[in-house]
Each structure stands twice: as structure tokens, then as C-alpha cells.
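We number each residue from 1, following the sequence as shown.
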Amino acid sequence: MKDKGEPIPEPSEVISDVPTKEFTCLRCGNPLVLRNSSRGSFYGCSSFPKCRYIKKHEAI
């Protein structure tokens, strides 16, 4: 299943490799991890690359 819209940024650097307790992936239910890319900070699924769910850091 592909999302339409913005391309998914590759996680170039993990800001916090500790999964968040308050945010979970809407696709697979795993915890989200704060990551950083050239496009800014975002929360990504901790099971990346199997699950590529992301949520903008500002949107949370």
C-alpha cells in the first residue's frame, strides 16, 4: 500500500532510539521513534524498514 502525497524521508539519523510510549504506529501498532532527516524531524515506526509509517514532529 503506497501513500500519496509527500515522499517518505529516509531516516538519516535517529534522534532518540528509545521508542515513545505515548505514540504508536497507526498501521502496525509498534511504538514510534523520533528521527531526523534533511526535511526535518519526524516520528517513524520502530519497525522500519518493514513498516514505513511516519508522522511530522510538529503535527503531534
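The closest side-chain heavy-atom distance from Cys28 to Ser47 is below 4.5 Å. Looking at heavy atoms from C-beta onward, Phe42 lies in side-chain contact with Ser37 at the 4.5 angstrom threshold. Annotation: side chain of Lys56 is not in contact with side chain of Tyr43 (no heavy-atom distance under 4.5 Å). The closest side-chain heavy-atom distance from Cys51 to Cys25 is below 4.5 Å.
Across Arg27 and Arg52, no two heavy atoms sit closer than the pair NH1-C, 4.0 Å. Residues Leu34 and Ser41 share a closest heavy-atom pair of CD1-CB, 4.4 Å. Nearest heavy atom pair, residue Thr24 against residue Leu32, reads C-CG, 3.9 Å.
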